[in-house]
Amino acid sequence: MGRVKLRVDTEEPVIRHRRADKAHRRDLAGPDPIVRIGIMEEYDRIEFSVDDIFDIIALNGNVVASGIRSDAQWYVAPYETEEARAIYSILTTAFADRDSADELRKRLASEGHPARIAEIGDEVCIDGRVVADNVKYRVLIGRWPTEKEAKSALEPFRDEFAPRVIRQIVRPATGIIDVKDNNFDWSFQIQDGFRIVPRSHNCPVMLYDVREGTGFHWEREVDRQYPGIIEIRIDHRALLMAYTEVPLETYLKGVVPSEMPASYPLEALKAQAIAARSEVLAKMGAKHPNDPFDLCAHVHCQAYSGCTHHDPRSSQAVEETRGQVLILHNMVAEAVYSSTCGGHSEDKVNVWNPPDAPHLKGKWDAPEGQTFSSIASDTYPLDLTSEKHVAQWIASKPKVWCNVEAHPDLPLILTRAMDNFRWEVSFSRRELEDIIKRKSGEDIGQLLDIIPIRRGISGRLMEIEIQGTKKNLRIQRELNIRAALSQRYLKSACFVLDIEYSAESRPVNFILKGAGWGHGVGMCQVGAGVMAAQGKKVEDILKHYYPGTKIDKVY
Ligand SMILES: [Zn+2]
Ligand SMILES: [Zn+2]
């Protein structure tokens with residue numbers, strides 16, 4: 001895992017200031033650091049074309065073919081392959097420091113659960129300066145040969161943690177890849193993988209039928225153009241994966257328009273560019289410890305669509321903020337964001353693992369000191385962790401930044417965000433039972449009720465109990481709850497439930513009334529758009545959503 005990789009054009013790689021206690025380190029060279037972004041995984045074939053002269057280079061560095069000029073479409077398929085060997089373990093939680101991890105490991109051991117610590121993530125340096133320490137210590141239990149066996153051992157840990165099963169690759173996949181073009185001019189068999197290296201730096205490589213939005217309502221297959229080098233390899237399941245090596249600033253020109261409409265006000269696009277740049281450096285190595293890339297091109301990390309959606313306005317926002325990131329305690333700060341907070345953002349620690357982050361504490365999405373006493377005068381101040389208050393909150397339309405109805409003269413694109421501020425979905429009992437069965441793999445019998453157990457500070461549910469005639473299911477974490485109660489995902493976990501009953505007092509319909517879209521931690525993108533439309537500058541926006549951080553240029 002996490003091999004140390006140096007910039008490709010460095011002739012004599014020198015690892016500087018290596019700290020003895022850090023296993024992983026990424027050295028990035030200014031003025032334009034290179035990042036590795038995973039685009040495709042688990043494809044049984046990949047098709048590409050290159051609108052430029054290009055070379056094909058094997059993973060061991062051998063030149064397979066040089067100076068190729070081809071207007072053909074190329075086909076890549078696995079030929080003779082062997083899957084990776086993996087072990088499966090239970091991840092209880094992760095810490096930023098080894099001592100806390102060790103303490104938990106010892107306690108678990110004393111309770112009869114032998115645990116171990118696995119270190120993931122990189123320390124990231126730019127031109128020798130440490131800008132981020134993304135090393136995390138995961139406390140793991142058990143080693144099982146299959147995911148199923150590991151899952152069946154989760155139960156005892158559910159009360160204390162939100163445990164999940166993770167995979168560690170112990171032997172990489174291997175195999176031979178067939179590469180040919182449809183003019184029959186070229187045909188190769190290459191061991192394990194190869195790199196497509198175009199001679200120019202525009203946007204020459206086209207990948208066909210790239211899956212986007214897997215699992216979400218906007219899932220689709222699209223053709224995408226990419227700048228930079230593309231590497232295709234055998235993946236863990238002995239299928240194919242593709243990732244790209246691209247300058248960070250070029251990558252951001254593909255991220256910003258994928259994450260925020262390019263017609264948003266410029267100051268909001270600049271806030272988005274700085275947040276996205278900070279996220280790359282603050283997450284490098286920690287999100288894909290088994291993979292040869294830093295981040296994936298999907299919602300899991302940040303949506304990246306190559307240069308297909310490049311837009312002059314988003315590119316301007318990237319260029320005007322070149323090298324700028326959010327800094328907290330001299331390091332690049334995590335800068336997560338989501339579409340619409342619903343009026344109050346969520347604590348980071350409620351959505352992901354500890355440690356807590358002081359700049360990612362949930363807060364009202366409104367100017368400092370604004371109150372909402374008109375919503376519930378008898379219950380002021382509002383406490384969104386209480387069932388009564390959250391119901392009043394969702395039923396109201398408070399004047400917060402992301403309530404686009406409350407702000408006059410907004411650009412058209414922002415007024416469209418209204419449907420995500422407050423929303424409603426309803427299911428018949430049978431429909432919801434089927435979804436729960438399909439998503440959880442459990443047959444609960446007839447669905448009786450869904451009980452909120454715990455809410456985060458934004459009103460988002462962190463734990464629920466689904467009650468059925470055969471069994472009850474506990475579900476933890478906002479994303480799991482959103483997945484469990486929808487064909488794909490609910491817009492957010494901030495919702496209250498109304499049940500309609502039949503004359504015999506059986507539940508017939510389940511109506512979910514909710515607020516917001518996304519996890520709600522950090523910047524509210526719609527709120528940022530409204531702030532910018534009301535004349536706020538990028539500094540004001542970032543100060544509001546990431547209090548305590550400052551903007552600094554790291555290259
Ligand atoms: Zn990812
Ligand atoms: Zn908001």
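Just so it is clear, the values below take in all heavy atoms, side chains as well, and ignore hydrogens, waters and symmetry mates.
The closest side-chain heavy-atom distance from Tyr226 to Leu207 is below 4.5 Å. At a threshold of 4.5 Å between non-hydrogen side-chain atoms, the residues Val179 and Tyr75 do not count as touching. Side-chain contact between Leu28 and Leu281: present, with at least one pair of heavy atoms (C-beta onward) separated by less than 4.5 Å.
In this pair, His288 and Phe293 present their aromatic rings tilted. The plane angle is within the 30 to 60° band.
Remark: Arg138 fails to qualify as a cation-pi partner of Phe95 under the 6.0 Å distance and 45° angle criteria applied to the six-membered ring.
Leu512 CG to Phe427 CZ: the interatomic distance, rounded to the nearest 0.5 Å, is 6.0 Å. Taken from CZ in Arg195 to CG in Asp55, the straight-line distance is 11.5 Å, to the nearest 0.5 Å. A distance of 4.5 Å separates CD1 of Ile464 from CD1 of Ile466, quoted to the nearest 0.5 Å. A distance of 9.5 Å separates CD of Gln467 from CG of Leu447, quoted to the nearest 0.5 Å. Atom CG of Leu154 and atom OG1 of Thr92 lie 11.0 Å apart (nearest 0.5 Å). Here the OH atom belonging to Tyr489 is positioned 5.0 Å from the CG atom belonging to Leu479, to the nearest 0.5 angstrom.
A donor-acceptor contact shorter than 3.5 Å is absent between the side chain of Asn62 and the backbone of Ala58. A donor-acceptor pair is defined here as one N or O able to donate and one able to accept, closer than 3.5 Å; such a pair exists between the side chain of Lys439 and the backbone of Ser486. Looking at Gln302, its side chain does come within 3.5 Å of a backbone N or O of Ala276 through a donor-acceptor pair. In this structure, Arg237 contributes its side chain and Tyr43 its backbone to no donor-acceptor pair below 3.5 Å. Not one N or O on the side chain of Trp144 forms a donor-acceptor pair closer than 3.5 Å with the backbone of Ile87. In this structure, Asp27 contributes its side chain and Cys125 its backbone to no donor-acceptor pair below 3.5 Å. Here the side chain of Asp52 pairs no donor or acceptor atom with the backbone of Pro198 at under 3.5 angstrom. Under a 3.5 Å cut-off, the side chain of Asp122 and the backbone N or O of Val124 do not form any donor-acceptor pair. Between the side chain of Lys253 and the backbone N or O of Gly306, no donor-acceptor pair lies under 3.5 Å. Between the side chain of Arg460 and the backbone N or O of His519, at least one donor-acceptor pair lies under 3.5 Å.
A side-chain donor-acceptor contact under 3.5 Å links Asn420 and Lys491. Remark: the Tyr243 side chain and the Glu231 side chain contain an N/O donor-acceptor pair separated by less than 3.5 Å. Between the side chains of Asn182 and Gln73, no donor N or O sits under 3.5 Å from an acceptor N or O. Between the side chains of Glu149 and Ser152, no donor N or O sits under 3.5 Å from an acceptor N or O.
Counting non-hydrogen atoms of other residues, nucleotides and ligands closer than 6.0 Å to CZ of Arg69 gives a total of 12 or fewer. By the 6.0 Å contact criterion, CZ on Arg220 is enclosed, its count of non-hydrogen atoms from other residues, nucleotides or ligands being greater than 12. Counted within 6.0 Å of CG on Asn60, heavy atoms from surrounding residues, nucleotides or ligands total more than 12; the atom is thus considered enclosed. In Lys287, the NZ atom is crowded: over 12 heavy atoms of neighbouring residues, nucleotides or ligands sit closer than 6.0 Å. For CZ of Arg158, the number of neighbouring non-hydrogen atoms (other residues, nucleotides, ligands) closer than 6.0 Å is greater than 12. Sparse packing is recorded around CZ of Arg430, with 12 or fewer heavy atoms of other residues, nucleotides or ligands lying under 6.0 Å away.
Using a cutoff of 4.0 Å between basic side-chain nitrogens and carboxylate oxygens, Asp434 and Lys437 are not scored as salt-bridged. Using a cutoff of 4.0 Å between basic side-chain nitrogens and carboxylate oxygens, Lys348 and Asp356 are not scored as salt-bridged. A salt bridge does not link Glu155 with Arg474: every distance from a Lys NZ or Arg NE/NH1/NH2 to an Asp or Glu carboxylate oxygen is 4.0 Å or more. Between Glu463 and Arg477, no side-chain nitrogen of the basic residue sits less than 4.0 Å from a carboxylate oxygen of the acidic one, so the salt-bridge criterion is not met. A salt bridge is absent between Glu103 and Arg105: the closest approach of a Lys/Arg side-chain nitrogen to an acidic carboxylate oxygen does not fall below 4.0 angstrom.
In plain terms, the two heavy atoms of Ala72 and Trp74 that are nearest each other are O-CD1, 3.4 Å. Between Met462 and Asn350 the shortest heavy-atom distance is SD-O, 3.1 Å. Residues Met523 and Ala275 share a closest heavy-atom pair of CE-CB, 4.3 Å. When all heavy atoms are compared, the tightest approach of Asp223 to Met206 is CB-SD, 3.9 Å. Here the shortest heavy-atom pairing between Leu485 and Ile450 reads CD2-CD1, 3.9 Å. Nearest heavy atom pair, residue Leu240 against residue Ile177, reads CD2-CD1, 4.0 Å.
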Legend entry - Tyr137 vs Asp102, side-chain contact (heavy atoms from CB on, under 4.5 Å): CA-CA, chis, key distance, verdict: CA-CA 9 Å; Tyr137 302 90; Asp102 213 39; over 6 Å; no
Inset, instruction - Just do the side-chain contact (heavy atoms from CB on, under 4.5 Å) check on Asp133 and Met331 with the steps written out, would you? - result: CA-CA 8 Å; Asp133 183 353; Met331 294 281 202; 4.2 Å; yes
Inset, instruction - Apply ring pair (Phe, Tyr, Trp, His ring centres under 6.0 Å) to Phe48 and Tyr208, showing your working. - result: CA-CA 6 Å; Phe48 73 89; Tyr208 296 89; 8.8 Å; no
Inset, instruction - Take Arg107 and Glu160 through the salt bridge (Lys or Arg N to Asp or Glu O under 4.0 Å) test and state the conclusion after the steps. - result: CA-CA 13 Å; Arg107 179 168 66 76; Glu160 185 178 356; 2.4 Å; yes
Inset, instruction - Verify side-chain contact (heavy atoms from CB on, under 4.5 Å) between Asn134 and Glu123, making sure each step is shown before the conclusion. - result: CA-CA 6 Å; Asn134 305 337; Glu123 187 182 69; over 6 Å; no
Inset, instruction - Run the numbers on Ile436 and Glu442 for side-chain contact (heavy atoms from CB on, under 4.5 Å), then give the verdict. - result: CA-CA 7 Å; Ile436 292 166; Glu442 307 261 10; over 6 Å; no
Inset, instruction - Let me see the working for Gln272 and Glu259 under side chain to side chain donor-acceptor pair (under 3.5 Å), right down to the final yes or no. - result: CA-CA 8 Å; Gln272 178 66 63; Glu259 290 286 0; 5.5 Å; no
Inset, instruction - Apply side chain to side chain donor-acceptor pair (under 3.5 Å) to Arg438 and Gln487, showing your working. - result: CA-CA 9 Å; Arg438 184 169 66 80; Gln487 291 290 359; 2.9 Å; yes
Inset, instruction - Could you walk me through whether His298 and Tyr304 pass ring pair (Phe, Tyr, Trp, His ring centres under 6.0 Å), step by step? - result: CA-CA 7 Å; His298 314 294; Tyr304 172 63; over 10 Å; no
Inset, instruction - Decide salt bridge (Lys or Arg N to Asp or Glu O under 4.0 Å) for Arg211 and Glu219; before the verdict, give the C-alpha distance in whole Å, the side-chain angles of both, and the deciding distance to 0.1 Å. - result: CA-CA 7 Å; Arg211 292 192 291 263; Glu219 184 173 335; over 6 Å; no
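The only option from His236, Arg233, Arg36 that meets the side chain to side chain donor-acceptor pair (under 3.5 Å) definition with Asp291 turns out to be His236.
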